[in-house]
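What follows is one structure encoded as structure tokens, with my remarks underneath.
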Amino acid sequence: MDVERKVGKGREFFPLHWWLVVFSQGFYCIEIGLIVSIRAKQLGEAFLKIWAGVASVFAVFLFISSVLGFLLERMFSIRIALDLLSLPGAILLLFCVFKASHEDYDAAGSGSFYEPLSSDSHANLTLGLFVTPFAYAGFLSRMSFWWLNSLMKKGYEKPLDDKDMPHMGEMDRAESQYFMFLEQLSRQSQNSDATSPSFFWAIVSCHKNEILVSGFFALLKVLTLSAGPMLLNAFIKVSVGMGTFKYEGYVLALGMFLVKFLESLSQRQWHFCTRTLGLHVRSLLSAAVYQKQLRLSSSAKLIHSSGEIMNYITVDAYRIGEFPVWFHQTWTTCLQLCIALVILYHAVGLATISSMVVIVITVLCNAPVAKLQHKFQTGLMEAQDERLKAMSEALVNMKVLKLYAWEGHFKKVIEGLREEECKWLSAFQMQRAYNSFLFWSSPVVVSAATFLTCYLMEIPLYPSNVFTFVATLRLVQDPVRSIPDVIGAFIQAKVAFSRIVKFLDSEELQNGNVRKRQSNVENLIVIKSASFSWEGNPSKLTLRNINLELKAGEKVAICGEVGSGKSTLLAAILGEIPNMEGMIEVYGKIAYVSQNAWIQTGTVQENILFGSAMNRQRYQEVLERCSLVKDLEVLPFGDLTVIGERGVNLSGGQKQRVQLARALYQDAEIYLLDDPFSAVDAHTATSLFNDYVTGALSSKTVLLVTHQVDFLPAFDSILLMSEGEILRAAPYHELMLSSKEFQDLVNAHKDMAEVETLEKVVSHKIGTSARQINDTSLNHQQKSLLSLGEDQLIKKEEKGTGDSCLKPYLQYLNQNKGFLYTSLAALSHIIFISGQISQNSWMAANVQNPQVSTLRLITVYLVIGCSTAIFLLSRSVYVVVLGLQSSKSLFAQLLNSLFRAPMSFFDSTPLGRILSRVSSDLSIVDLDVPFSLIFSISATLNAYSNLGILAVVTWQVLFVSIPMVYLTIRLQAYYLASAKELMRINGTTKSLVANHLAESVSGAVTIRAFQEEDRFFAKNLELIDRNASPFFHNFAASEWLIQRLETMGAVVLSTSALVMALLPPGTFTSGIVGMALSYGFSLNMSLVFSIQNQSTLANYIISVERLNQYMHMPSEAPEIVGGNRPPPNWPILGKVELRDLKIRYRADAPLVLQGISCTFEGGHKIGIVGRTGSGKTTLIGALFRLVEPSGGKIIIDGLNIATIGLHDLRSRFGIIPQDPTLFHGSVRYNLDPLGQYSDIKIWEVLEKCQLREVVQEKEQGLDSLVVEDGSNWSMGQRQLFCLGRALLRRSRILVLDEATASIDNATDAILQKTIRTEFADCTVITVAHRIPTVMDCTKVVGISDGKLVEYDSPMKLMKTEGSLFRELVKEYWSHTTNVDMDSNDPELS
């Protein structure tokens, strides 16, 4: 069958073709006429869009028909020219219709049901801010990315920074996207009452315009791409002298340029539109997740930990945002294949069937793999969640891990979780490698099958049909090769989306019916027969039968033993706990002070104002009432000093006072105070109580949870709680007479105070004002950090600048034989390319050679093809091995570096910075970097091989191609100058989003209590936009570069064709012309793939750079010093000698401890006293070597502790730290994470620390759940757990760092007794705020301003006039008696 002749006739293939053309022309004219003549408003925008879309389809058909007609008939006419021009006209019309509707939407949007947070905020923003030029760019500027030139120029002249980032346009902001999404959800729920609205369809409805526009560009790209082989076919005929008119070669060369230019234009717009769409989706999902976590119920928090919520935004939303880029690839690849099959049918007739069969088999082979890939991706994400949860818990509590010497264990746990994650990663990447091999080798198999069929069916092979076939195959192979990526992206997005949807569907707090807005009511808080359960389960009640009525101005104290439900009652009033029965109503504005201080990263002033406007007079008054004036005086920047994350540079007492100031400044009606005085010393507690509770809040309603019995007489009423019930509610004197439980509680305190002894020693007079000792009230570590000039504690995040050249690449490849695997993968690819070139050269040289039989021609072609395909498989395997080995090595170094970092690093580094590296950056290094690396190497090799073949055939093209290569390299350097900085800014702004989220998750209760959700959400939207801007401009810059490179590629191709047209016919054989131009046609695509992959890799490699920043930090002293390990039973006596101990936190900082010398004898009980910030906690830190001495030494049992390893030192001490910390796991795990003790031993310890009954009541006993932060246990119970750990360890030296601050006096008395008996022969060092705790010590150390001012027995110090200890006791006693006297005041009783 002579296909060549049939192609010449053309019409046999399409008998209805010309009828369709005439019909289309008529229909197109009618449609255009209707659109122009009828008023748009009458038709509605939907009609216009559909009409314009149909007109475009007919225009596309006319365009293709005209091109085919011209190529087959060899005649050019005005009608054909008009048909060709109909396509640009239709595109312009379509664009105008969509742009007009978009503007209408913008205008109408302001009246929607869901208004933005502040109606005029964005108007102001747009006027006052530097908005991206894209927002107001014209049509041509958008099409050519001309609007980006100013930013690219600025980036080339100097490294870009945050200030250079333009703000997103109105419609591109997270706020607009989120409220559009809510609007769609609202419409859906109105339309379908039965089913819950679909998040997926709501997102699609929001962005249908962008999807349609990008889909149109995708279609245009496929059509222009498919015109290439047609032009090639015609050109081969011209080259062998079969042209139809004189200058046909020139016309075809120009046609090639125009087709390639249009192809480039449409593909760039397609990619840009879908990436913008992806960014919109990512922004709205990030906003939705943030908003959801502010409303998450207590039971939902057990399912979604803070680490998982972090993952939803930093990893899942990112993966979903990547998906739209691949979305159109699904149908365009199919369409491209169909068009390719039609062209192939023109070229090789029925042999096309075998091509089709091979393609179908390839796709079928991938179906089971796709299911497996989905399974592996889900497993990988879950494993990543588990690892992140463990990491964030360890990083937050790093100080506790160091004190207990548990870093090694926690590190092993994380390594185990990472090992599990790597198994899933390995499986997932191997599937990708298999897919990659399958689709890269498919063109080889397709060509083999087709040529074999041609031989069997005796279809003759001509240069024109062979190289039309090869060119078509080369154009299709890139989309086909990207099928695995499409499948991978689809699966990743599906898994990520299902996780986010599950989170967005979680249960929310139902607190709307608790907080009422009306005022002028008699009782502000009304609770009647109410029961509450944290788990939302009526059979597991936390509070039972609560009755409470509070009038305006009433003061009520809540007291009771540990775990009796005091804090839970406050949570119930805030609406934090599900109400199972009864009624609760709360009227008026609430201010809340939590037991665990929650401080934001920001200045002291921002923490106190908490979103309110500044009123100088009121602000000053608040500072005075909260005893903060002196504290601010010693801070280098006063109230503008930045407080570190979780308030690391404030002492415990200061954190509470900042919280109290925040509450007071809000001027609320109801004040809920959860034991705020436990973290401050007696003197500060008294002045706070007098100035704050009885002074500033005299007209307010106050509910105070307290263990300080001294304050109770001053209250109108006292709620005595036990086991989740209110036992009694009455004034102090009434309770003293009628309640034995209350008497026990008060008497326990009096016993501890040892009244008789105190009365004998201290001649107290009521109202005697104690000598004021300068209360510096600042943790010395941070004082020294902050006092060095203009240096805030929290540093600006480090980011690389400029072109880091090969450094991050070398860092990546230096891991675990990375260079070897990369070289082997690259070598495999070079062999594969060489095979392909030799295959095509053989075909080009011998296709018309009569001495080579068709069978031999095809056999050699097949053998070369199949043998080189094997190297594709080896390339894929090497890539997976490279990725896994490098990832494992990088993570191991990062983890080791983080766990060995000194505490100063964690104090000055917000958690979000570390978490963004171990979540999103690590995810990119795991999944994206290895494949991106090898694809950029492969694509670059492909591009240069294509260029090389063009140059070999037509050497004249070197005149154009050499300058083009030079220009390409220069353009790429110009682009990378901006792109790398944009990617780095993207990294640092992503950390800000992560940090704000982490803070909001931990402070959600406080945010809700003050009803500040809207402000925090607005701040989150602002941070999302700040992160979106560098990302948006980065991918726009990528399209800017590629469009320019593609235009240059089109110039090279058309120049090459022009050279061939200018030379006389017969200069080249038609086979050589065909081969050269088939490579030329794919030059554009291979060049783009090369630059695209290189740019993507350059962006991804920033993640390696970011990981590397935390991989080589200065570390602490070694954990174990091999040649100097202490004996197994060290310390035997527990004798501690401090010899001229000097501590400073940095080399150039002032001394914090100024030469302390004293000896603690073995078995002595030592009390350390001093005002807040005097250096007590620093001394404890020095004992554990959290900070190394800058002079002097500490000797324990004759051994200088500086000479032994940190693990050997810390594991031999017992400590009950200031902040009680529990970890996610079981009760057993929290007491004994290393698994060293038996259950019997653990039960014994639980009994000694008053926890046995509580644990036995729970169904699982020792396996009972402890959630993240131990939030399902009360603060006091958490402190008892810490005591349990100390009792299990039984060290010779025990340190109590203000250990009983959160427990009631009765429990405290029992505990002190337990410690006295259990640690009778041990050295016990106690830092205490409660003076009675140190009254029975052997000796007391008095520290003031880092100096030892006294060291003697308590009784001697009490008798010494002017002693610091005597002053503190006097203050404590005067404070106790003052309150007792106040209770007799008629106004207060």
Decide yes or no on side chain to side chain contact (heavy atoms under 4.5 Å, CB included) for Leu504 and Ile500, but give the supporting numbers first.
CA-CA 6 Å; Leu504 294 178; Ile500 287 183; 3.9 Å; yes
Start with the C-alpha gap between Met381 and Asp385, add the side-chain angles, then the distance that decides, and say whether side chain to side chain contact (heavy atoms under 4.5 Å, CB included) holds.
CA-CA 6 Å; Met381 297 299 261; Asp385 275 353; 5.7 Å; no
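A distance-only check finds a donor-acceptor pair linking the side chain of Ser141 to the backbone of Trp147 [under 3.5 Å].
With sequence neighbours excluded, the residues that form a salt bridge (Lys or Arg N to Asp or Glu O under 4.0 Å) with Glu1039 are Arg268. For Asp172, there are no salt bridge (Lys or Arg N to Asp or Glu O under 4.0 Å) partners at least two apart in sequence or on another chain. The ring-ring contact (aromatic ring centres under 6.0 Å, His included) check on Trp331 picks up His328, with sequence neighbours excluded. Applying the salt bridge (Lys or Arg N to Asp or Glu O under 4.0 Å) rule to Arg275 yields no partners; only residues at least two apart in sequence or on another chain are considered. Taking the ring-ring contact (aromatic ring centres under 6.0 Å, His included) definition, one finds that His1033 meets it with nothing, sequence neighbours left out. Partners of Phe376 according to the side-chain contact (heavy atoms from CB on, under 4.5 Å) rule, which considers only residues two or more places apart in sequence or in another chain, are Leu372, Trp424, Ala427, Phe428, Gln431. Here Lys292 pairs with Glu508 under the salt bridge (Lys or Arg N to Asp or Glu O under 4.0 Å) rule; sequence neighbours left out. Under the rule for a side-chain contact (heavy atoms from CB on, under 4.5 Å), the partners of Ser299 that lie at least two apart in sequence or sit in another chain are Ser297, Glu507. The ring-ring contact (aromatic ring centres under 6.0 Å, His included) search around Tyr178 returns Phe1017, not counting sequence neighbours. Scanning for ring-ring contact (aromatic ring centres under 6.0 Å, His included) contacts around Phe1035 gives Phe272, Phe1031, Phe1032, with sequence neighbours left out. Applying the side-chain contact (heavy atoms from CB on, under 4.5 Å) criterion to Thr224, with sequence neighbours excluded, gives Val259, Leu262, Glu263, Ser266.
Here OG1 of Thr378 is found 9.0 Å from CZ of Arg499. Values are rounded to the nearest 0.5 Å. For the atom pair Gln1043 CD and Trp146 CH2, the distance stands at 10.5 Å (nearest 0.5 Å). Distance check, rounded to the nearest 0.5 Å: CG of Leu220 to CG of Leu265 gives 8.0 Å. Rounding to the nearest 0.5 angstrom, the gap separating the CD atom in Glu1022 from the NE2 atom in His167 is 8.0 Å. If you take CZ on Phe217 and NE2 on His271, they are separated by 12.5 Å, rounding to the nearest 0.5 Å. One distance of note links CD1 of Ile491 with CD of Gln377; it measures 8.0 Å at 0.5 Å rounding.
No donor-acceptor contact under 3.5 angstrom links the side chains of Asn986 and Arg1026, judged on distance only. At a cut-off of 3.5 Å, with distance as the only test, a side-chain donor of His304 or Ser506 sits close to an acceptor on the other residue.
Partner of Ser1103 under the side-chain hydrogen bond (donor to acceptor under 3.5 Å, both in side chains) criterion, out of Asp926, Asp921, Asp928: Asp921 alone. Checking Asn995, Val1001, Val993 one by one against Leu997, the side chain to side chain contact (heavy atoms under 4.5 Å, CB included) holds for a single residue, Val1001.
With Phe931 as the aromatic partner, Arg432 meets the cation-pi criteria of under 6.0 angstrom to the ring centre and within 45 degrees of the ring axis.
Residues Thr314 and Ser920 come closest through the heavy atom pair O-CB, 3.4 Å. For the residue pair Arg142 and Ala137, the shortest heavy atom distance occurs at NE-O, 3.5 Å. In terms of heavy atoms, Gly321 sits closest to Arg282 at CA-CB, 4.3 Å. Taking every heavy atom of both residues into account, Pro1030 and Thr989 meet most closely at CG-OG1, 4.0 Å.
Between Ile211 and Leu277, some side-chain heavy-atom pair lies under the 4.5 Å cut-off.
Using a 4.0 Å cut-off between charged side-chain N and carboxylate O, Glu1012 and Arg1015 make a salt bridge.
Note on residues 212-224: no pairs pass salt bridge (Lys or Arg N to Asp or Glu O under 4.0 Å), not counting sequence neighbours.
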